[in-house]
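Right, one structure below, let's go through it.
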Amino acid sequence: MQTYARNSAGRGDSRTFLMCRPSHYAVEYAINPWMDTSQPVDAALAASQWETLKDAYLAHGHEVVELEPQPGLPDMVFSANGAFSVDGRVYGARFRYPERSDEAASHADWYADRPDDWAFHAPRFVNEGEGDFTYVEGPGLILAGWGFRTDPAAHAEAGEVLRRPVVSLRLVDDRYYHLDTALAVLDDRRICYLPEAFSADSQVMLRNLFPDAVIATEEDGAAFGLNFVSDGENVFINAEAEALGEKLAAEGFTVVPIDLSELKKGGGSVKCCTAELRR
Ligand code: ARG
């Protein structure tokens with residue numbers, strides 16, 4: 001795969017990521033179309049794939065902090081869903097399905113235990129953290145998904161808590177049940193997204209707001225390519241999404257492919273396993 005570093009160090013801005021080791025990861029229930037309980041998960045492989053992602057972040061100068069995995073919460077590895085933070089203010093999650101609802105407390109406690117760094121706000125409305133919320137630093141804009149998991153009322157609540165305007169985007173394809181399976185932020189102003197995952201009206205909104213966006217294809221979406229993490233220079237992306245990786249490399253990003261095939265069985269990839277802590 002072609003790569004191209006925009007600065008000599010090949011390093012983007014240093015980020016802090018909250019990750020949760022897949023110690024109890026399994027596909028024990030099906031709450032999205034990717035999950036098939038009859039398909040076995042290789043726990044040892046999932047663990048080594050997760051470790052590779054963590055090591056890639058560290059190798060690129062990012063900080064990784066770990067949340068303690070809890071037995072009985074097999075989806076906890078998808079730490080992106082636990083909260084959404086901007087400028088040290090934190091909007092907590094409230095999960096749609098009972099299978100995951102106990103995850104919210106672990107995240108809430110983590111922030112509450114660090115009151116000098118974080119102001120945690122418990123949510124009134126159902127929302128799945130960075131699964132359905134993302135932040136575009138340049139314009140100071142929150143992008144938010146609804147349609148499958150997050151209650152649109154949570155968008156207004158998040159905007160108040162985080163003191164930022166929110167753009168509500170409607171998801172219409174259940175394979176792309178979270179915003180972070182269909183859209184990702186590349187740097188402080190550019191995004192990449194799969195238009196077909198959004199309603200026709202939301203597509204118009206995205207075109208108007210982000211005329212220079214990188215447009216992904218159905219194939220990129222199905223390879224979980226949109227579920228990437230970018231530090232503005234390096235894009236950590238599911239290895240299966242080769243075509244999107246090449247497209248982003250041609251746009252000047254350094255592509256870091258990570259094989260997360262076992263996590264895909266749970267309906268997640270790079271971004272789902274990564275909560276960005278924005279202090
Ligand atoms: N099995 C999990 C669920 O359906 C996957 C969550 C993926 N996380 C994400 N940020 N998209 O809730």
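Keep in mind the model is a prediction, meaning the values are calculated, not measured. Both ligands and their constituent atoms are indexed starting at 1 by order of listing.
Closest to atom 1 (N) of ligand 1 among all protein heavy atoms lies G266 O, 2.7 Å. In this structure, the protein non-hydrogen atom closest to atom 3 (C) of ligand 1 is R100 NH1, 3.4 Å. Given atom 9 (C) of ligand 1, the protein heavy atom at minimum distance is C272 SG, 2.7 Å. Among protein heavy atoms, the minimum distance from atom 10 (N) of ligand 1 is reached at D180 OD2, 2.6 Å. Ranking protein heavy atoms by distance to atom 2 (C) of ligand 1, first place goes to D75 OD2, 3.4 Å.
Hydrophobic clustering, defined by side-chain heavy atoms of Ile, Leu, Val, Met, Phe, Trp and Tyr closer than 4.5 Å, groups W118 together with L18, V65, L67, L73, M76, V90, W110, Y111, F120, L277.
Here R149 has side-chain heavy atoms under 4.0 Å from ligand 1, and that is the only part of it that gets that close. Here Y97 has no heavy atoms under 4.0 Å from ligand 1, in either its backbone or its side chain. By the criterion of a heavy-atom distance under 4.0 Å, neither the backbone nor the side chain of K271 is placed next to ligand 1.
Checked against a 3.5 angstrom limit, the closest N/O atoms of H178 and ligand 1 fall inside it. The N/O atoms of A80, backbone and side chain alike, include none that comes under 3.5 Å of an N/O atom in ligand 1. Considering backbone and side-chain N/O atoms, N227 never comes within less than 3.5 Å of an N/O atom of ligand 1.
Residues R278 and E130 are paired through a salt bridge, judged by an N-O separation under 4.0 Å between the basic side chain and the carboxylate. Using a 4.0 Å cut-off between charged side-chain N and carboxylate O, R124 and E157 make no salt bridge. Using a cutoff of 4.0 Å between basic side-chain nitrogens and carboxylate oxygens, E68 and R21 are not scored as salt-bridged. Taking the charged nitrogens against the carboxylate oxygens, E137 and R189 have no contact shorter than 4.0 Å, which rules out a salt bridge. Contact check on E66 versus K54 returns a salt bridge, with a Lys/Arg side-chain nitrogen under 4.0 Å from an Asp/Glu carboxylate oxygen.
Between R15 and D13, some side-chain heavy-atom pair lies under the 4.5 Å cut-off.
Remark: ligand 1 atoms within the under-4.0 Å shell around heavy atoms of G131 are 10 (N). Listed by number with element, the atoms of ligand 1 under 4.0 angstrom from any heavy atom of M35 are 1 (N).
Across all non-hydrogen atoms, the minimal contact from E196 to V172 is O-CG2, 3.9 Å.
Every pair passing salt bridge (Lys or Arg N to Asp or Glu O under 4.0 Å) that includes a residue from residues 86-96 is listed here, sequence neighbours excluded: D87-R164.
Nearest to atom 5 (C) of ligand 1 by heavy-atom distance, out of Y177, Y25, W34, Y29, is Y177.
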